[in-house]
Student: 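Submitted below is the structure of interest, expressed as structure tokens.
Only this structure's heavy atoms are used, side chains among them; waters, hydrogens and symmetry mates stay out.
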Amino acid sequence: MYRKMEDFKQDWAHAAGGTKMVLGALTDDTLNQAIVEGHSTLGWLGWHLATAPMFFVGQVVGLQLTSVGNPQEVPTEAAKIVAAYEQIAAEITEKADTLTDEALLEEVPFIQGNAPRGAVLRMFIDHQTHHRGQMTVLLRQAGLTVPPVMGPTQEMQR
């Protein structure tokens, strides 16, 4: 849970940067890559990362964000997913300054009852990290290079 906005802003900068690297590895022809038929695709996961902030940061935390699109309408172009994520990530960075440390401790309605805003923001970053990890597996499965989000990847050590 975040108790200081500066801590969230630092984590967000790092997390958003890593997600941009993963999204930047996408290609139009790999957006339908799934671990197995019927599971989440690279395109769906990327679009989910671009649209989920409207729920976590917009609806629950209360920052006024501009929607980047309908979560149910996954683009067929990787560049659109990247652009949407970059837009929402920049807006979160910009508007994070409107939250105070005190606001992080305030309880807001969440999925299974109330939670402090600071806890919701932590879950938001954890949620993004979870799906970004799924994407790295699918990138490799699709024959794409996994970017060095948390350090050198297997491809870089060859």
Student: Can you tell which of Val57, Thr66, Leu63, Val68 makes a side chain to side chain contact (heavy atoms under 4.5 Å, CB included) with Glu91?
Tutor: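 Answer to the side chain to side chain contact (heavy atoms under 4.5 Å, CB included) test with Glu91 among Val57, Thr66, Leu63, Val68: Thr66.
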
Student: Side chains of Asp11 and Tyr2: donor-acceptor distance under 3.5 Å anywhere?
Tutor: yes

Student: Between the side chain of Trp12 and the main-chain N/O of Ala96, is any donor-acceptor distance below 3.5 Å?
Tutor: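 No.
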
Student: On a heavy-atom basis, which atom in Ala78 and which in Asp28 lie closest, and how many Å separate them?
Tutor: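 In terms of heavy atoms, the two residues are closest at N-OD1, 2.7 Å.
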
Student: Would you compute the distance between atom OG1 of Thr129 and atom NE2 of His14 and round it to the nearest 0.5 angstrom?
Tutor: 8.0 Å

Student: Does Leu105 share a hydrophobic cluster with Val61, counting links as ILVMFWY side-chain heavy atoms below 4.5 Å and allowing steps through other members?
Tutor: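 Different hydrophobic clusters.
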
Student: With a 4.5 Å cut-off on side-chain heavy atoms, are Met21 and Arg132 touching?
Tutor: no

Student: Side-chain polar contacts of residues 83-90 - donor-acceptor pairs under 3.5 angstrom, sequence neighbours left out - could you list them?
Tutor:
{"unit_1": "Tyr85", "atom_1": "OH", "unit_2": "Gln128", "atom_2": "OE1", "d": "2.5"}

Student: For the OG1 atom of Thr100 and the NZ atom of Lys4, what is their distance to the nearest 0.5 Å?
Tutor: 10.5 Å

Student: Closest heavy-atom contact between Lys80 and Pro75?
Tutor: CB-CB, 4.0 Å

Student: Report yes if some heavy atom in the side chain of Val82 is under 4.5 Å from a heavy atom in the side chain of Lys20; otherwise report no.
Tutor: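 Sidechains of Lys20 and Val82: no contact.
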
Student: Check whether Asn114 reaches the backbone of Glu107 with its side chain - one donor and one acceptor, N or O, closer than 3.5 Å.
Tutor: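 No.
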
Student: Taking only residues at least two apart or on different chains, which pairs with a member in residues 52-78 satisfy ring pair (Phe, Tyr, Trp, His ring centres under 6.0 Å)?
Tutor: Phe56-Phe124, Phe56-His127

Student: Give the minimum heavy-atom separation between Met5 and Asp101, together with the two atoms involved.
Tutor: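 Heavy atoms of Met5 and Asp101 come nearest at N-OD1, 2.8 Å.
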
Student: Would you say Met1 ends up clustered with Val120 if hydrophobic residues are merged whenever their side chains have heavy atoms under 4.5 Å apart, either directly or through other cluster members?
Tutor: no

Student: Show the nearest heavy-atom pair for residues Ile81 and Leu31, with the distance to one decimal.
Tutor: CD1-CD2, 4.1 Å

Student: Look at Asp126 together with Arg122 and state whether they make a salt bridge at an N to O cut-off of under 4.0 Å.
Tutor: yes

Student: Taking all non-hydrogen atoms of both residues into account, name the closest pair between Phe110 and Met123 and its distance.
Tutor: CE2-SD, 3.4 Å

Student: Using side-chain heavy atoms (C-beta onward) and a distance below 4.5 Å, is Ile92 in contact with Pro53?
Tutor: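 In contact.
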
Student: Taking the side chain as C-beta and beyond, is there a heavy-atom pair between Leu104 and Arg3 under 4.5 Å?
Tutor: no

Student: What are the two closest non-hydrogen atoms of Lys9 and Asp97, and how far apart are they?
Tutor: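 So the minimum-distance heavy-atom pair works out to NZ-OD1, 2.6 Å.
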
Student: Under the 3.5 angstrom rule, does the side chain of Thr30 hit a backbone N or O of Leu26 as a donor-acceptor pair?
Tutor: no

Student: Would you compute the distance between atom CZ of Phe8 and atom CG of Leu99 and round it to the nearest 0.5 angstrom?
Tutor: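 Interatomic distance, Phe8 CZ to Leu99 CG, rounded to 0.5 Å: 8.5 Å.
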
Student: Indicate every side-chain donor-acceptor pair of residues 134-147 with a distance under 3.5 Å to a residue at least two apart or in another chain.
Tutor:
{"unit_1": "Gln134", "atom_1": "OE1", "unit_2": "His131", "atom_2": "ND1", "d": "2.6"}
{"unit_1": "Thr136", "atom_1": "OG1", "unit_2": "Gly133", "atom_2": "O", "d": "2.7"}
{"unit_1": "Arg140", "atom_1": "NE", "unit_2": "Glu155", "atom_2": "OE2", "d": "3.0"}
{"unit_1": "Arg140", "atom_1": "NH2", "unit_2": "Glu155", "atom_2": "OE1", "d": "2.9"}
{"unit_1": "Arg140", "atom_1": "NH2", "unit_2": "Glu155", "atom_2": "OE2", "d": "3.2"}
{"unit_1": "Gln141", "atom_1": "OE1", "unit_2": "Gln33", "atom_2": "NE2", "d": "3.2"}
{"unit_1": "Gln141", "atom_1": "NE2", "unit_2": "Ile35", "atom_2": "O", "d": "3.3"}

Student: Walk me through whether Met54 and Gln59 qualify under side-chain contact (heavy atoms from CB on, under 4.5 Å).
Tutor: CA-CA 6 Å; Met54 289 301 294; Gln59 184 179 336; over 6 Å; no

